[in-house]
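Sequence lines set the chain letters: A, B, ... in the order given, protein chains first and strands last, and positions in each chain run from 1. All values reported here derive from a predicted model rather than from experimental measurement.
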Amino acid sequence: MIPKFARECAARACELRNRDTSLPTMSDQNIFAAVLDKVRAATNALAADGMLPAGIDQSRIVVEPPRESAHGDMATNAAMVLAKDAGSKPRPLAEAIAAKLRGDELVAKAEVAGPGFINLTLKPAAWIDALRAVLTTGANYGRSDIGQGTAVDVEYVSANPTGPLHVGHCRGAVFGDALANLLAFSGFEVTREYYINDAGAQVDALARSAFLRYREALGEDIGAIPEGLYPGDYLKPVGAELATRDGASLKDKPETEWLPLVRDRAIDMMMADIRNDLRSLNVVHDVFFSERSLIEGPRDQVGETIAALRRAGYVYEGRLAPPKGAPVEDWEDREQTLFRATDFGDDVDRPLMKSDGSYTYFASDIAYHKNKVDRGFASMIDVWGADHGGYVKRVQAAVKAVRAVTQAPSAELDIKIVQLVKLLRGGEPVKMSKRAGEFVTLRDVVDEVGKDPVRFMMLYRKNDAALDFDLARVIEQSRDNPVFYVQYGHARGQSILRNAREVVADLPSEQAAARAFLLAGAPLERLEDSGELALMRRLALYPRLIEAAAIAHEPHRIAFYLYDLASDLHAQWNRGNDASYLRFIIQNDPQMTMARLALVEGVVTVLASGLRLLGVEAPEEMR
RNA sequence: GCGCUCGUAGCUCAGCUGGAUAGAGCACCAGACUUCGAAUCUGGGGGUCGGGGGUUCGAAUCCCUCCGAGCGCGCCA
């Protein structure tokens with residue numbers, strides 16, 4: 001118990017803060033970016049020496065952790081990438097660059113290896129700087145400005161408002177939400193959007209189904225729900241609500257009169273349910289965009305879009321060859337309005353008008369994406385289920401055409417396909433019968449296992465790989481269960497910080513920022529153990545990982561990183577069991593304790609940061 | 001028949017947009033609790049990256065071609 005020492009740490013932290021009052025830059029946080037700058041500086045110096053041509057292209061130079069840790073802390077391909085332009089062989093060039101790098105204050109070793117890699121080993125001070133960066137930036141560690149405020153629209157879920165969300169929708173919901181979090185953290189201006197398919201035959205079927213439930217609510221015996229309508233019980237409240245609101249007044253009207261009324265009410269109630277279900281997963285959209293509004297709003301945006309495409313020569317009247325493969329029963333060869341999708345990479349041209357004169361779904365979708373471009377989104381991301389995979393090319397084609405007619409400076413579209421989820425319980429498939437209207441809803445799953453397992457497990461897989469979700473396994477409290485393992489890592493770190501008050505009595509318990517501030521002044525140079533260095537290296541990787549995940553639109557990388565970080569922490573903990581001098585809390589050495597607490601603080605900070613991006617709780621303790 | 005997504009250890013999966021001797025977990029075998037949470041950790045065996053060509057300094061990654069799986073294939077959304 002030496003408060004005096006803690007005061008000294010605080011004083012030192014203040015001093016460190018005053019030394020650099022500017023906002024942290026990318027290189028301050030991202031040690032790989034910092035070293036890349038050093039490598040570029042070295043090549044510039046060689047250019048000044050006349051060893052390299054001036055103005056050489058440095059864009060392909062990368063600095064990355066080597067696969068083999070024996071090769072050092074990081075490796076760069078600079079010499080191999082530059083060799084061709086430099087007109088020299090990689091290895092001599094590598095030697096020259098390495099020689100320059102050896103003069104750097106953070107570089108302990110620079111060696112040329114293999115075909116021309118430069119392997120760098122950094123001095124421990126470099127990793128200590130990285131840890132200090134975690135402590136001083138706190139929850140902002142890993143945040144970057146690579147998005148530069150670019151407006152990006154992330155559209156996800158967009159399930160039909162004809163029934164409650166089922167378990168298959170979970171994955172897209174969680175993926176889209178985490179991706180949006182990640183992009184916002186990386187400096188993009190993100191809009192979270194849900195496209196409501198409230199036009200077309202399916203919502204009419206919804207209305208007819210709801211109308212039956214309405215008559216049922218009025219006491220009529222409606223018998224079985226006919227084929228083609230929605231049989232689920234979830235429409236009973238809609239019928240009851242209509243009966244309460246409208247009494248018997250709808251019952252004897254012709255369908256043309258009651259259908260729009262019933263349809264709008266049914267859609268509103270379904271969407272309210274859907275939003276509630278999404279909220280149970282902590283998924284909240286900024287914009288709910290109605291398909292119907294494209295057609296029935298003040299302007300017919302679908303008609304306008306088609307007209308604009310027609311003026312540009314992308315729409316024509318013509319005939320299509322009948323589809324190959326599975327024969328279409330009622331195929332009718334007729335002239336129709338077609339979008340010239342083949343000009344933009346699709347396989348066939350696509351119809352825009354149905355035979356009854358209404359727009360196809362695809363026509364609305366073109367108009368919808370044009371609407372996004374008109375709203376100023378330079379980047380669009382659509383998250384779809386695997387069953388819509390066949391639709392990717394035509395929408396990509398549509399966006400290219402839209403970009404051409406709007407002359408938007410940028411209109412990128414990335415379509416992320418999330419594969420299907422197989423629901424299991426203890427290894428056995430969960431049976432559900434869609435025909436009988438019985439399916440496992442999103443709400444069922446969240447109620448059974450909780451939001452955190454759902455969110456984490458849906459992200460603990462690449463989005464385009466199929467996923468088994470086992471209701472029994474995801475709530476196990478064991479290493480088999482990654483959700484638990486990572487959350488336990490955070491809880492264990494918090495437990496250490498709580499217990500540390502035995503040695504460092506005035507360590508702030510609740511305010512993480514104050515604690516981190518104090519700990520940043522600890523004598524971090526005493527962190528010399530290999531396990532401690534491994535943890536610091538892992539922490540140093542985080543900004544680079546976030547950046548790569550954001551660019552690739554792959555939030556699953558965060559989940560895997562967190563698992564690795566938690567694993568490093570658990571390993572170091574257990575090394576303290578085998579060798580007591582490696583424990584985080586050393587009773588008679590408050591200085592060492594402070595330094596190790598700083599490391600723990602850094603770990604829990606990054607675990608909490610990553611979990612927050614995934615939308616998963618970072619618990620203080622496991623109960 | 002065509003298109004899309006995949007194929008990596010016995011199983012479930014990573015592999016940082018082309019880097020070095022391909023990595024985790026489970027399972028199997030052998031070990032570590034008078035602890036700051038053993039709900040954890042340490043070590044071991046296990047591979048023709050579906051097959052075959054090509055591109056280059058270098059390929060699990062990019063191209064071609066077979067094999068196999070899932071999804072989709074006018075006027076449904």
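Here, A22(B) and U61(B) have their C1' atoms 12 Å apart, quoted to the whole Å. Nucleotides G54(B) and A14(B) are separated by 28 Å at their C1' atoms, to the nearest Å. Using P as the reference atom, A59(B) and C75(B) are 45 Å apart when rounded to the nearest Å. Straight-line distance between the C1' atoms of G23(B) and C62(B): roughly 22 Å, to the nearest whole Å. The same atom, P, is picked in A24(B) and in G43(B); the two are 10 Å apart, to the nearest Å. Nucleotides A30(B) and A69(B), compared at atom C1', are 38 Å apart to the nearest Å. Only the C1' atoms considered, A60(B) is 8 Å distant from G15(B), to the nearest whole Å.
Comparing N463(A) and A552(A) by the nucleotide of RNA chain B that holds the closest heavy atom to each, the one mapping nearer the 5' end is N463(A). Position along RNA chain B of the nearest nucleotide to Q202(A) versus A566(A) favours A566(A) as the more 5'-ward residue.
Scanning all heavy atoms of the two residues, the minimum distance from T121(A) to G72(A) falls at OG1-CA, 3.7 Å.
Between F175(A) and Y156(A), the distance from one ring center to the other does not fall under 6.0 angstrom.
C2(B) is paired with G72(B) under the Watson-Crick or G-U wobble criterion, all donor-acceptor distances under 3.5 Å. Pair check for C33(B) finds none; no Watson-Crick or G-U wobble contact set falls under 3.5 Å. Summarising the base pairing, A59(B) is matched to no nucleotide, lacking a Watson-Crick or G-U wobble pair whose two defining distances lie under 3.5 Å. With both pairing distances under 3.5 Å, G10(B) is matched to C26(B) as a Watson-Crick or G-U wobble pair. Across all strands shown, C16(B) has no partner, as no Watson-Crick or G-U wobble contact with both distances under 3.5 Å is found.
On a pure distance criterion of 3.5 Å, a polar donor-acceptor pair joins the side chain of R544(A) and the base of C16(B).
Across the protein-nucleic acid pair, Y391(A) atom OH and G72(B) atom P stand 15 Å apart, rounded to whole Å. The separation between Q487(A) atom CD and U40(B) atom P is 13 Å, rounded to whole Å. Atom CG of N574(A) is separated from atom C1' of U40(B) by 5 Å (rounded to the nearest Å).
Using a 4.0 Å heavy-atom cutoff across all strands shown, P482(A) reaches no nucleic acid atom at all. At a threshold of 4.0 angstrom between heavy atoms, the contacts of I417(A) with the nucleic acid are absent. Contacts of Q336(A) with the nucleic acid, taken as non-hydrogen atoms under 4.0 Å apart, include base atoms. Counting non-hydrogen atoms under 4.0 angstrom, E476(A) reaches nothing in the nucleic acid.
Residues Q396(A) and K393(A) fail the side-chain proximity criterion, which asks for heavy atoms closer than 4.5 Å.
Atom CZ of R473(A) sits in a sparse spot, with 12 or fewer heavy atoms from other residues, nucleotides or ligands closer than 6.0 Å. In this structure, R334(A) places its CZ atom where more than 12 heavy-atom neighbours from other residues, nucleotides or ligands lie under 6.0 Å away.
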Discussion item. Across nucleotides 7-12 of chain B, 5' to 3', mark each nucleotide with B, S or - according to how protein heavy atoms within less than 4.0 Å reach it.
Written reply: -----S

Worksheet, complete the sentence: Each nucleotide of nucleotides 18-27 of chain B classed B (base within 4.0 Å of a protein heavy atom), S (only sugar-phosphate) or -, in 5' to 3' order, makes -BBSSS-SS-

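Judged by the 6.0 Å and 45° rule, R340(A) forms a cation-pi pair with Y316(A).
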Quiz: residues 460-468 of chain A side-chain donor-acceptor pairs under 3.5 angstrom, not counting sequence neighbours:
from	atom 1	to	atom 2	distance (Å)
N463(A)	ND2	I417(A)	O	3.0

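Close to G15(B), at under 4.0 Å from its OP1 or OP2, lies a side-chain N or O of H556(A). Look at K354(A) and you'll find a side-chain N or O under 4.0 angstrom from OP1 or OP2 of A77(B).
For the atom pair OH of Y488(A) and OG of S478(A), the computed distance is 12.0 Å after rounding to the nearest 0.5 Å. Taking NE2 of H388(A) as the reference point, atom OG of S158(A) lies at 9.5 Å (rounded to 0.5 Å). Atoms CZ and CE, on F32(A) and M74(A) in that order, are 4.0 Å from each other to the nearest 0.5 Å.
Inspection of the S364(A) and E291(A) side chains reveals an N or O donor paired with an N or O acceptor under 3.5 Å.
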